[in-house]
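Here is the structure we will look at.
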Amino acid sequence: MEAVAQQSAPVVEESAAPRPLIPRAALLHWLAVIAVHVALVLAWQFGVRAAGLPPMLLPAPTDILATLGGAHYAWAANAWVTGLEILGGYVLSVLAGVALALVFSWSRWLTLAVFPLLVTLNMIPKVALGPLVIVWFSYGIGTNMLIVFSLCFFPVLLTTLRGLREVEPDLLDLVRSLKGSRWAMFRTIQLPGSLPYIFSGMKVAAILAVAGAVVGEFIASDRGLAYLMIQVQASLDTPAMFMAVLLLTLLGILLYGAVLLLERIFVPRDART
């Protein structure tokens, strides 16, 4: 008995050993990603210096970072405005897209009548629609949110509707046989089953959201990062234009990362796209 206990003791100790917070494979992956980005920045920096290129043509990363000290750029205020436009239009598109997809899943006739119209409207170039939106709603954050919404809405609607249709019909029949309401059916059956599709559409929309904000600020705006790009373009301030692009990219990465985090929380690992 003592020998058996001694043999089993190491096994218990090994099983009780704490697991690392980040798996080694994931850690190596992210280290490789960071290394590639750092190598690109270093090659950019030393390549520009070695070639003697003027900042007006291609600024070095240090020249771009130096613009953060310029108070006249108002980076924080402009980034805040653009971030509000992106987030507001994006959240509105997700809520409206999921809600309308749910209504379509309840009514086949409504889908046949209205969905083709939405497809036609989505074919309208948003850049061409922008001036009309400005005429109708004037300038402002709300107008640019509408432009973001117009770009992000359809991908969320399309993927959510696909996910709702992929739910097992037997489960829906079971809820109906138990006299469950449509809301109970959506909350317990349809929503959990369609979450992978919803997040797939949300990831596509997250990429389009930044483009929508830029389109709105390019057409007509008095604040925001894209508006600032137009202002500094007149003076050929290329470093500031690069910084505006980098901040826009950072906003897009933050939004996409938030969607990925929510997906990891609510969607099982084997069901993620």
Side-chain angles (χ1 to χ4, degrees), residues 22-23 25-27 29-34 36-37 40 79-80 82-105 111 115 118-119 121-127 129 144-167 186-187 189-217 224-226 244-273:
I22 303 178
L27 181 61
H29 168 73
W30 285 110
L31 288 176
V33 170
I34 295 173
V36 170
H37 283 73
L40 175 62
W80 174 258
T82 304
L84 284 180
E85 295 167 355
I86 293 172
L87 185 61
Y90 179 78
V91 172
L92 182 62
S93 68
V94 172
L95 295 177
V98 173
L100 189 56
L102 178 61
V103 173
F104 283 160
S105 70
T111 304
F115 189 78
L118 294 177
V119 174
L121 293 176
N122 188 65
M123 294 298 105
I124 299 175
K126 303 307 181 291
V127 177
L129 187 62
N144 291 336
M145 284 183 182
L146 288 178
I147 297 177
V148 174
F149 170 84
S150 67
L151 279 172
C152 300
F153 168 74
F154 196 73
V156 177
L157 170 66
L158 194 62
T159 55
T160 303
L161 186 59
R162 169 74 181 277
L164 294 174
R165 288 175 174 173
E166 293 292 332
V167 176
F186 172 71
R187 181 173 54 84
I189 304 297
Q190 290 180 301
L191 180 60
S194 61
L195 277 179
Y197 294 89
I198 295 175
F199 276 102
S200 178
M202 288 174 63
K203 285 186 282 188
V204 175
I207 298 173
L208 297 174
V210 179
V214 171
V215 168
E217 292 180 1
L225 293 173
V245 171
L246 291 177
L247 291 177
L248 285 168
T249 304
L250 179 60
L251 290 175
I253 292 174
L254 290 176
L255 179 59
Y256 193 84
V259 175
L260 290 180
L261 179 60
L262 291 174
E263 185 183 32
R264 291 179 65 90
I265 294 173
F266 293 107
V267 180
R269 184 173 183 178
D270 57 348
R272 297 173 196 158
T273 56

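The chain is numbered in sequence order, starting from 1.
- The minimum heavy-atom distance linking Val210 with Leu248 is given by the pair CG1-O, 3.9 Å.
- At least one donor-acceptor pair closer than 3.5 Å links the side chain of Thr249 to the backbone N or O of Val245.
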The test is side-chain contact (heavy atoms from CB on, under 4.5 Å); show your working for Ile124 and Leu121 and say whether it passes. CA-CA 6 Å; Ile124 299 175; Leu121 293 176; 4.1 Å; yes
Acceptor/donor pairs from residues 89-99 side chains to any protein atom, 3.5 angstrom cut, sequence neighbours excluded:
| residue | atom | partner | partner atom | Å |
| --- | --- | --- | --- | --- |
| Tyr90 | OH | Met202 | O | 2.8 |
| Ser93 | OG | Gly89 | O | 3.4 |
| Ser93 | OG | Tyr90 | O | 2.6 |

Test side-chain contact (heavy atoms from CB on, under 4.5 Å) on Thr111 and Arg165; report intermediate values, then the result. CA-CA 12 Å; Thr111 304; Arg165 288 175 174 173; 3.3 Å; yes
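- Of all non-hydrogen atoms in Leu158 and Phe115, the two that sit nearest each other are CD1-CZ, 3.5 Å.
- Here the straight-line distance linking atom CG of Leu247 with atom CG of Leu225 works out to 5.5 Å at 0.5 Å rounding.
- Taking the side chain to side chain contact (heavy atoms under 4.5 Å, CB included) definition, one finds that Val103 meets it with Leu110, sequence neighbours left out.
- With sequence neighbours excluded, the residues forming a side chain to side chain contact (heavy atoms under 4.5 Å, CB included) with Val33 are His29, Trp30, His37, listed by chain and number.
- Side-chain atoms of Leu100 and Leu118, non-hydrogen and from C-beta on, do get closer than 4.5 Å to each other.
- Closest non-hydrogen pair, Leu255 versus Ala209, comes out as CD2-CB, 4.0 Å.
- By the side-chain hydrogen bond (donor to acceptor under 3.5 Å, both in side chains) test, Thr159 pairs with no residue at all, sequence neighbours left out.
- Listed by chain and number, the residues in a side chain to side chain contact (heavy atoms under 4.5 Å, CB included) with Leu260 are Lys203, Tyr256, Glu263 (sequence neighbours excluded).
- Distance check: Leu254 CG to Leu87 CG gives 11.0 Å after rounding to the nearest 0.5 Å.
- Closest non-hydrogen pair, Glu217 versus Ala226, comes out as OE1-N, 2.8 Å.
- Screening Thr160, Leu164, Leu161 for a side-chain contact (heavy atoms from CB on, under 4.5 Å) involving Phe104 leaves a single residue, Leu161.
- Separating the CG atom in Leu84 from the CG atom in Leu251 is a distance of 10.0 Å, to the nearest 0.5 Å.
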Distance-only donor-acceptor pairs under 3.5 Å for side chains of residues 150-157, two or more places apart:
| residue | atom | partner | partner atom | Å |
| --- | --- | --- | --- | --- |
| Ser150 | OG | Ile147 | O | 2.6 |

